[in-house]
Amino acid sequence: QVQLQESGGGSVQSGGSLRLSCAASGYRGSGYCMAWFRQAPGKEREGVAAIDGADSTSYADAVKGRFTISQDNSKNTLSLQMNSLKPEDTAMYYCAVYLSRLKSCTLQTLPTARYWGQGTQVTVSS
């Protein structure tokens, strides 16, 4: 059974930093496309960042230069370093893994993921 468990969320002031982690289990192999998404109250879920098996990354324009996605395949862990946080970054953050072969692991072209974590809340105050 595929399981994804996010952690590291919290409340910070504008300009602060947080590091989110996602522990993945229940499947074999590594190097799958993985991504972070977020959903703010009253808004649709949106992609934040994605990373493929070769560590190629892509980001939403809103977070470029502030967020960094990374993975540790030996530990099946996905991370998101978030710096210079803004109030508009406030949302529930989710990680996702794509166990099927994709044409591309580029954030803007990702299909709806089948496997999601429960989410971790990030709140940024001004």
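Since we're looking at a predicted model, the values are computed, not measured.
Under the ring-ring contact (aromatic ring centres under 6.0 Å, His included) criterion, Y115 pairs with no residue at all, not counting sequence neighbours. Evaluation of the side-chain contact (heavy atoms from CB on, under 4.5 Å) rule for Y94 yields E6, Q39, R45, M92, W116 as partners, not counting sequence neighbours. Remark: T109 engages S104, T106 in a side-chain contact (heavy atoms from CB on, under 4.5 Å) (not counting sequence neighbours).
For residues 46-59, the side chain to side chain donor-acceptor pair (under 3.5 Å) pairs, not counting sequence neighbours, are R38-E46, D55-Q71. Among pairs with a residue in residues 97-115, none fulfils salt bridge (Lys or Arg N to Asp or Glu O under 4.0 Å), at least two apart in sequence or across chains.
When all heavy atoms of L110 and C33 are compared, the closest pair comes out as CD2-SG, 3.6 Å.
Two different hydrophobic clusters hold Y98 and Y93 under the rule that ILVMFWY side chains link at heavy-atom gaps under 4.5 Å. Both I51 and L99 are members of a single hydrophobic cluster when ILVMFWY side chains are connected at heavy-atom separations under 4.5 Å. One hydrophobic cluster holds both L20 and I69 under the rule that ILVMFWY side chains link at heavy-atom gaps under 4.5 Å. F37 and V2 are assigned to two separate hydrophobic clusters, defined by single-linkage of ILVMFWY side chains at heavy-atom distances under 4.5 Å. L107 and L102 fall within a single hydrophobic cluster, where Ile, Leu, Val, Met, Phe, Trp and Tyr are joined by side-chain heavy atoms under 4.5 Å apart, directly or via other members.
Within 6.0 Å of the CD atom in Q118, the count of heavy atoms belonging to other residues, nucleotides or ligands does not exceed 12.
The aromatic rings of Y27 and Y32 sit perpendicular to each other, their planes meeting at more than 60°, with 30° as the lower class boundary.
Of the possible donor and acceptor atoms, none in the side chain of S126 sits under 3.5 Å from a partner among the backbone N and O of P87. At distances below 3.5 Å, not a single donor-acceptor pair connects side-chain atoms of T90 with backbone N or O atoms of T123.
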Extract all donor-acceptor atom pairs below 3.5 Å that involve side chains of residues 76-86 and protein atoms in other chains or at least two apart in sequence.
residue : atom : partner : partner atom : Å
T77     : OG1  : K75     : O            : 3.1
Q81     : OE1  : R19     : NH1          : 3.2
Q81     : NE2  : N83     : OD1          : 2.9
N83     : OD1  : S17     : OG           : 3.0

